[in-house]
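To keep things clear, I will list the structure first and then write my remarks on it.
Protein chains get the first letters and strands the later ones, always in sequence-line order, with residue 1 at the start of each. Given the structure is predicted, the values throughout are model-derived calculations rather than measurements.
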Amino acid sequence: MALLQISEPGRAPDPHERRIAIGIDLGTTHSLVATVRHGVAECLPDEDAQVMLPSVVQYLPKGKRAIGHKASEASSIDPQNTVTSVKRLMGRTLADLQHANRWSVQLVDLPGMVGIQTLEGVKTPVEVSAEILATLRQRAEDSFDDEITGAVITVPAYFDDAQRQATKDAAKLAGLEVLRLINEPTAAAIAYGLDQGSEGLFAVYDLGGGTFDISILRLSQGVFEVLSTGGDSALGGDDYDHGLSQWVLSQTGLVLESAQDKSLMLKTSRAVKEQLSLENSTRFVLELSTGKIDLEVTRETFESITKPLTQKTLQACERALKDAKLKTKDLSGVVMVGGSTRMPQIQRSVEAWFGLPPLNNLNPDEVVALGAAIQANQLVGNHTGDDLLLLDVTPLSLGIETMGGLVERIVPRNQTVPTAMAQDFTTYQDGQTALMLHVVQGERDLVSDCRSLARFELRGIPPMAAGAAKIRVTFTIDADGLLSVRAQELSTQVQAQIQVKPSYGLSDDQIAKMLQEGFETAEMDMKTRALKEAQVDADRILMATQNAIDQDGAILSPAQKAEIEQLMLSLKQASTSDSPALIEESIDRLAKGTEAFAAERMNQGILQALKGQHIENLK
Amino acid sequence: MSTTPPTFNSSTLLQSDDFVLFQLPRHFAIDAQELQERWRSLQKMAHPDRFSMQGDAAKRLSLQWSTRINEAYQRLKDPLRRAAYLCHLHGVEINAQTNTAMPAEFLMEQMTWREALDDAKSSEDFDAIEQWVQSQIETTQQSIATLFERGQDVDVQAASSLVRAWMFLERFEQSVQDRRAAQLSHNTL
């Protein structure tokens, strides 16, 4: 359907119909789900009143699984079948992982993305993440005793295309309708900005369990404009734990031999780290299979061991500020997000570096999920009264490989999305009829130092002298930050196009198959589900069309209006049938029949937006 | 544009040039604040987040618009790209890669400063060179601004050679920064 609601963006077509939208923070160590109820964002608790779900999945015999606290308790008893910190594996190959030996589960080298060997067979990180997401979806459904219309899932701002795609696949696999992927620091900024009614330039320093992000934003009249972003998608609290455990091992001369020992060591390190945020010193006590540890650890020692990690985060801050063409004195505040910012050394270092007292009055574990819930609520059209708009950027440069293994950048980092950018290339051999395009992401000049996203071919170029063909390569990045690439020979219009999916990216068919195999989302069979979805789509489209006619019917001639009304009537009739195909066909016909009307309304909206601007400028 | 009759010729605004889209005169000098405010109000209207509960066709249309608005904003916001775009709108392409012809005087001056950069050691040396580049860029910008104020009688050839000179200066400024950074790390070793 092609009809747009223009005059009041964000307003629900029917104020009596509330849609349930959730925000999910899919974290390295913990995940949360939040929603907006009675105008207030809140995290949803489980039956034990816990809002934080440990991001841990244990695979048990006979297809059973434990997820969350239960799985977390099992991690040192059954470490080989208990997956923790799976977020660090999303969209990564075995070769990408810097510390593959740290894992207590057995990692398997699969093409495209690393696999995890469990007693239930090899699992992908996408499947493991889907278990966590499905658990949170279930929590939300139980809480409302209703179905969820859609979800906003957060990802680290510094996640690349492969990691984003993997996250989206996991959400689909968990039976969630993904309204939008948004960046964690941006989500936190929404929660803070709306809470405090802030305006100005802000930095969001987000140190989680496994990732670090820094974003610089401008907040103005409900618009959250990201100016630049930076970080490290493999740096977080886990690394502080690991630093401590390495130090303890070097002090005691012990080694970790079994998966149990590895898991126990990390658990104890984390507990000691957390204790050191509260006290100046504590004891590290642990019995390993190779010997006993009982060691005094002071906060000072811990801080000096992990100082290089903290330093690394500040370097990323420096670059992000430089990219935004700002100095620390331009900022009005720095927002602290992520459980790892509880470490006193982080609070201190950030305050010293930015010269600003950090804003930490919202719970750093919850703030991302809360912001995601606010955005989700707005996206499903529940009237909030806030005219909130996010304008986010792409975190990493995108380009293609040229002669000699060099990268030609097409989209520089920190471009506001959605965006499209193009560059022209040519052939290098006489009579060349095909062109191999290799899409890469990263800041380095050599292809081998960047992440390979996809390869595709443009064929059927008519034979010409070298350098005569003109091939335009266009990169398009959508509002989720996901890329598609098109190549076209300009004289002949020969085209090739791909939606860039990393090689492990799941096709819709694969997802459907996986859904049928294990993730039963509802008792309804697939056909009933398809019919229900088609009917919901039909209702939504009919409502939007009626709204459009009510508002702007005047720009239609009587004949045009009659034609649209006829199409609406056909759709209403189709909607009462039991054929999803028939309903979809009628939806398509109505969409086609209203395209010109919709485009004209968009045009009018744009002109209106500019006119409104003129009036404001006169003030 | 406000007198556009309500007929179905919607493709016109989407395909119009950046200045028409932002309702700005085709001048080089623009108010950055105003540009930014227009960008925001256009995105508030057209962004895909405003259409997430509507059908695919509406989402596509909104994505197309939002992308187009961002493209125009990026180009108008960057003074050098804006200047090159103005030349393009007046029918002259910059073709920086193939057209490197520069006045001899300009090239001579460039060479002198490149030599100065080769000899630069102290932070004051670099400051002096950077100041020179900055002032050159400012002068170039002012000349370009003046040229494009003239409505129909713009001397586009003159403007385009100024744009090319500006590109030279930008590259030179980058090498000054690179050299300074290299010198600094050398000094601290």
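Here the CD-CG distance, from A:Gln608 to B:Leu42, works out to 12.0 Å after rounding to the nearest 0.5 Å. Here A:Thr419 contributes atom OG1 and B:Arg68 contributes atom CZ; the two are 11.5 Å apart, rounded to the nearest 0.5 Å. To the nearest 0.5 angstrom, A:Ile477 atom CD1 is 11.0 Å from B:Leu63 atom CG. How far CG of B:Asp49 is from CD of A:Gln378: 8.0 Å, rounded to the nearest 0.5 Å. With rounding to the nearest 0.5 Å, the separation of CE in B:Met45 from CD in A:Gln604 is 10.0 Å. Rounding to the nearest 0.5 Å gives a distance of 10.0 Å between CD of B:Gln43 and CD of A:Glu225.
Within 6.0 Å of the CE atom in B:Met102, the count of heavy atoms belonging to other residues, nucleotides or ligands exceeds 12.
For the residue pair B:Ser62 and A:Met602, the shortest heavy atom distance occurs at CA-CE, 3.7 Å. Taking both residues in full, the closest heavy atoms of A:Pro418 and B:Thr67 are given as CB-OG1, 3.5 Å, listed atom of the first, atom of the second, then distance.
A donor-acceptor contact shorter than 3.5 Å links the side chain of B:Ser52 to the backbone of A:Leu379.
Of the two parts of B:Gln36, only the side chain, counted from C-beta on, holds a non-hydrogen atom closer than 4.5 Å to a non-hydrogen atom of chain A. For B:Gln74, the part lying under 4.5 angstrom from a heavy atom of chain A is the side chain only. Residue A:Thr476: no heavy atom, backbone or side chain, is found under 4.5 Å from chain B.
Contact tally against chain B (heavy-atom pairs below 4.5 Å) for A:Ser220, A:Ala554, A:Gly150: the top residue is A:Ser220. Between chain B and the options A:Ile606, A:Leu389, A:Val223, heavy-atom pairs under 4.5 Å are most frequent for A:Ile606.
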Next item on the list: Carefully, step by step, assess B:Asn70 and A:Gln415 under the rule side-chain hydrogen bond (donor to acceptor under 3.5 Å, both in side chains).
Entry: CA-CA 9 Å; B:Asn70 277 338; A:Gln415 288 290 308; over 6 Å; no

Next item on the list: Please report the C-alpha distance between B:Trp39 and A:Thr416 in whole Å, then the side-chain angles of each, then the deciding distance to 0.1 Å, and finally whether the side-chain contact (heavy atoms from CB on, under 4.5 Å) criterion is met.
Entry: CA-CA 11 Å; B:Trp39 173 59; A:Thr416 307; 3.8 Å; yes

Check: Could you walk me through whether B:His47 and A:Leu391 pass the side-chain contact (heavy atoms from CB on, under 4.5 Å) check?
Finding: CA-CA 9 Å; B:His47 195 275; A:Leu391 296 166; 3.7 Å; yes

Margin query: Working note: B:Glu37 + A:Gln221, criterion side-chain contact (heavy atoms from CB on, under 4.5 Å); need CA distance, chi angles, decisive distance, verdict.
Written below: CA-CA 10 Å; B:Glu37 272 166 25; A:Gln221 295 155 27; 5.7 Å; no

When the side chains of residues 78-93 of chain B are checked against the rest of the protein, which donor-acceptor pairs come out under 3.5 Å, sequence neighbours left out?
from    : atom 1 : to      : atom 2 : distance (Å)
B:Asp78 : OD1    : B:Leu80 : N      : 3.1
B:Arg82 : NE     : B:Phe28 : O      : 2.9
B:Arg82 : NH1    : B:Leu76 : O      : 2.5
B:Arg82 : NH2    : B:Phe28 : O      : 3.2
B:Tyr85 : OH     : B:Asp18 : N      : 3.0
B:Tyr85 : OH     : B:Asp18 : OD1    : 3.3
B:His88 : ND1    : B:Glu93 : OE1    : 3.4
B:His88 : ND1    : B:Glu93 : OE2    : 2.7
B:His90 : ND1    : B:Leu86 : O      : 3.0

